[in-house]
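Values reported hereafter were calculated over all heavy atoms of this structure, with side chains retained and with hydrogens, waters and symmetry mates removed. Along the sequence shown, residues carry numbers from 1.
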Amino acid sequence: MQAYGGVSIVNAIPSWYGSSMAVNLKVNVEITKGKYNGGSKLISTIITYLKEKFNLEDFDVKINSEIPQESGLKSSSAVSTALIGEVKRKFGLNIDVVKYSAILSILAGVSYTGALDDAVSAYYGGISYTYNKEFKIIKKSNPPLDISIIILPKGGRGKVNLNKLRSYELIFYEIFKLSLSDPITAMKYNGILVGEILGYDLTPVKKALEKGALASGISGNGPSIFAVTKEGEEGPIIDEFNLYGKVILTKAVGLDSEDK
């Protein structure tokens, strides 16, 4: 089963309303005979829960991922949805993959809200709009055409100050409402505001916007930085981001089949 990484449109921590856009960085998960002995708490939690709930036999998990881990690029949601989706397919289960991903991500301690928005975009592609407090999908949509995503990936779990983020509930809810009609502008406001609140150096973001980026900012809770440009206008931003590290150039992913 395949799932996608993503970049944030609206961080769900402040208001529980979240939005994420899938990008073409893939995770592939394969289930084989055996027993999982890896070190991932998320994977162990998912396996243990599903085995006990559905009386499944032991199985091992093989993961091939293009997504930098602990970077704010939705790697945990991509792994969890791909794994749960593959268990659903292999064992013929009737389960809501993205809801299980959210619940088990909280149980494993890798997400504060369950990251339903990230799970939806990872699993279905496209843009997700969710109310994570009630595990509710508000809508899914295709991303704008003819855009490129430039990512400056940074490792190490991002800074999180829950109380500080949640003190901005009202403005993030307004950004979420904006995202329903203008996801790129919302992505810009969210990315800058998260960076300011959590104390990141936004110099690369400022430079990217000066050089014509449609949006730029922090993805998730960081530490990765992204920029969105029109196709063919990536060069100046890539040159700027290259001053800070190795750059990933990718595309937004449209909605996959709704029949997963």
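- Below 30°, between 30° and 60°, or above 60°: for Phe176 and Tyr129 the angle between ring planes is above 60°, a perpendicular geometry.
- For Lys133, the NZ atom is loosely surrounded, since the number of other residues' heavy atoms within 6.0 Å does not exceed 12.
- Among all heavy-atom pairs drawn from Tyr131 and Ser15, the shortest one is CE1-O, 4.0 Å.
- With Lys164 contributing its side chain and Ile197 its backbone, the two residues share a donor-acceptor pair below 3.5 Å.
- We find that Glu169 and Arg166 are not joined by a salt bridge, their nearest charged nitrogen and carboxylate oxygen being 4.0 Å or further apart.
- Ring geometry for Phe91 versus Phe59: interplanar angle of 30 to 60°, hence tilted.
- A donor-acceptor contact closer than 3.5 angstrom is absent between the side chains of Tyr112 and Asn221.
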Report the C-alpha separation of Lys26 and Asn24 in whole Å, then their side-chain angles, then the decisive distance to 0.1 Å, and conclude whether the side-chain hydrogen bond (donor to acceptor under 3.5 Å, both in side chains) test is met.
-> CA-CA 6 Å; Lys26 302 182 187 72; Asn24 195 29; 2.9 Å; yes
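- Shown here is Lys90, whose NZ atom has no more than 12 heavy atoms of other residues, nucleotides or ligands within 6.0 Å.
- Leu107 contributes atom CG, which lies 9.5 Å from atom OG1 of Thr48 (distance to the nearest 0.5 angstrom).
- Judged purely by atom type and a 3.5 angstrom limit, Ser128 uses its side chain to pair as donor or acceptor with the backbone of Ser20.
- Paired with Ser148 under the rule side-chain hydrogen bond (donor to acceptor under 3.5 Å, both in side chains), one option of Glu233, Glu234, Glu231, Lys230 passes, and it is Glu234.
- Here the OH-CD1 distance, from Tyr244 to Ile225, works out to 8.0 Å after rounding to the nearest 0.5 Å.
- In this structure, Ser216 and Lys207 have side chains that are not in contact, with every pair of non-hydrogen atoms separated by 4.5 Å or more.
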